Amino acid sequence: MSDPLPYRAVLFDMDETLIEHSKSFEEIAHETYEAFADRLKPISEKKYWGTFWPKAVDLWFMMFDGVIDGDTARRYAYINTLRTLGADETLAEPMMHHGETVLVECANLIEDAHRVLQALRQAGIITGVVTNGYATTQRRKVAYHELEEKVDFVLVSEEVGAHKPDARIFREALRRAETAASDTLFVGDMPENDIKGALEAGMHAALFDCGGKWHDLRETKDAPTPTFTVKSLTELLAITGVG
């Protein structure tokens with residue numbers, strides 16, 4: 001590897017970069033269905049999933065485009081599903097809470113994430129998290145994994161009003177870090193949202209390529225080449241000259 005670069009800040013995506021999920025959305029929906037199956041009968045799990053997923057996607061994009069807020073989108077994914085299926089709509093709130101609790105608790109910190117974040121901060125490098133998602137859900141993950149204690153700041157796209165790869169969220173991250181784009185490395189697993197977005201904002205970008213299971217709904221395959229590709233977060237220490 002060439003000589004380490006003197007980055008003043010290293011910023012991270014969250015899902016499948018700092019934390020990894022052991023269950024897919026479909027698996028979480030199945031567990032949620034099973035928890036309420038007695039009250040959903042005679043609706044089958046297949047019918048429930050086939051109805052829920054398209055509605056969840058549509059509502060995500062409504063939030064993404066600023067039509068509705070995230071909490072409304074989260075609730076109505078369940079309300080509209082139950083309404084379409086002719087089921088009891090009062091189940092929406094407890095089902096949403098159950099599903100999101102499983103989502104949060106099925107995630108774990110990526111191997112060496114804590115050690116790498118700690119080493120970067122001890123070296124005087126600013127660290128931050130920049131994540132797309134519903135504010136309520138992402139903040140639950142942040143709290144569950146105590147990420148605010150491990151980094152200097154956390155940005156959630158809904159709170160910023162711009163979602164990766166939109167340059168506005170990267171500019172806000174630079175403002176919070178108080179660094180120039182050329183002095184900042186962004187690390188993420190999504191070629192479009194993370195790599196293309198960071199590069200277009202003038203940052204360097206490291207693609208975290210360890211076989212992540214999630215793919216962004218708007219992910220494309222024409223993203224530019226990352227500055228670095230790493231298979232473990234530990235490799236960032238050599239890139240930054242920290243260890």
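Note that this is a predicted model, so its numbers are computed, not measured. This chain uses plain numbering: 1 for the first residue, then up along the sequence.
Not one N or O on the side chain of T184 forms a donor-acceptor pair closer than 3.5 Å with the backbone of M203. Of the possible donor and acceptor atoms, one in the side chain of N132 sits under 3.5 Å from a partner among the backbone N and O of K164. For the pair K47 (side chain) and P42 (backbone), a donor-acceptor distance under 3.5 Å is absent. Formation of a donor-acceptor pair under 3.5 Å by the E16 side chain with backbone atoms of H21 is found in this model. Under the 3.5 Å distance criterion, the side-chain polar atoms of S157 are matched with a main-chain donor or acceptor of G133. The closest donor-acceptor contact from the side chain of T227 to the backbone of A206 lies at 3.5 Å or more, if one exists at all.
Taking CG of D13 as the start and CG of L207 as the end, the distance is 10.5 Å to the nearest 0.5 Å. In this structure, CD1 on I169 lies 11.5 Å from CZ on R171, to the nearest 0.5 angstrom. The distance from the OH atom of Y48 to the OG1 atom of T32 is 6.0 Å, given to the nearest 0.5 Å. The CH2 atom of W49 sits 10.0 Å away from the OG1 atom of T81 when rounded to the nearest 0.5 Å. Put simply, CE on M63 and OG1 on T72 are 11.0 Å apart, with the number rounded to the nearest 0.5 Å. Put simply, CZ on F208 and CG on D189 are 8.0 Å apart, with the number rounded to the nearest 0.5 Å.
Each of I126 and V116 belongs to its own hydrophobic cluster when Ile, Leu, Val, Met, Phe, Trp and Tyr are linked at side-chain heavy-atom distances under 4.5 angstrom. Note on F36: it clusters hydrophobically with L85, by side-chain heavy-atom contacts below 4.5 Å among ILVMFWY residues. Cluster membership for L18 and L120, using ILVMFWY side-chain heavy atoms within less than 4.5 angstrom, is shared. Criterion: ILVMFWY side-chain heavy atoms under 4.5 Å apart, direct or through other members. Under it, L185 and L117 are part of a common hydrophobic cluster. Under the 4.5 Å side-chain contact rule for hydrophobic residues, M14 and L236 share a cluster.
In this structure, E34 places its CD atom where more than 12 heavy-atom neighbours from other residues, nucleotides or ligands lie under 6.0 Å away.
The pair R139-E148 meets the salt-bridge criterion, since a charged nitrogen lies less than 4.0 angstrom from a carboxylate oxygen.
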For this session: In sequence, state the C-alpha distance, the side-chain angles, and the governing distance for T137 and R140, and then conclude on side-chain contact (heavy atoms from CB on, under 4.5 Å).
Result: CA-CA 5 Å; T137 306; R140 283 189 67 184; 5.8 Å; no
Exercise. Going through the distances and angles, do Y144 and E105 end up as a side-chain contact (heavy atoms from CB on, under 4.5 Å)?
Worked result: CA-CA 8 Å; Y144 186 80; E105 294 182 356; 3.8 Å; yes
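Cluster partners of L59, using a side-chain heavy-atom cutoff of under 4.5 Å among ILVMFWY residues and allowing indirect links, are M62, V67, I68, Y76, I79.
Using modelled atom types, one finds a donor on one side chain and an acceptor on the other under 3.5 Å when comparing Q138 with D15. Side-chain contact annotation: T136 with D71, donor-acceptor N/O pair under 3.5 Å present.
For the residue pair A56 and A77, the shortest heavy atom distance occurs at CA-CB, 4.0 Å. Considering every non-hydrogen atom in both A107 and I19, the closest pair reads CB-CD1, 4.2 Å.
Between Y78 and F52, the ring planes are tilted. Angles from 30° to 60° get that label. Taking the six-membered ring for Trp and thresholds of 30 and 60 degrees, F64 and H163 have nearly parallel ring planes, at less than 30 degrees apart.
Checked against the 6.0 Å centroid criterion, the rings of F25 and W53 qualify as a close aromatic pair.
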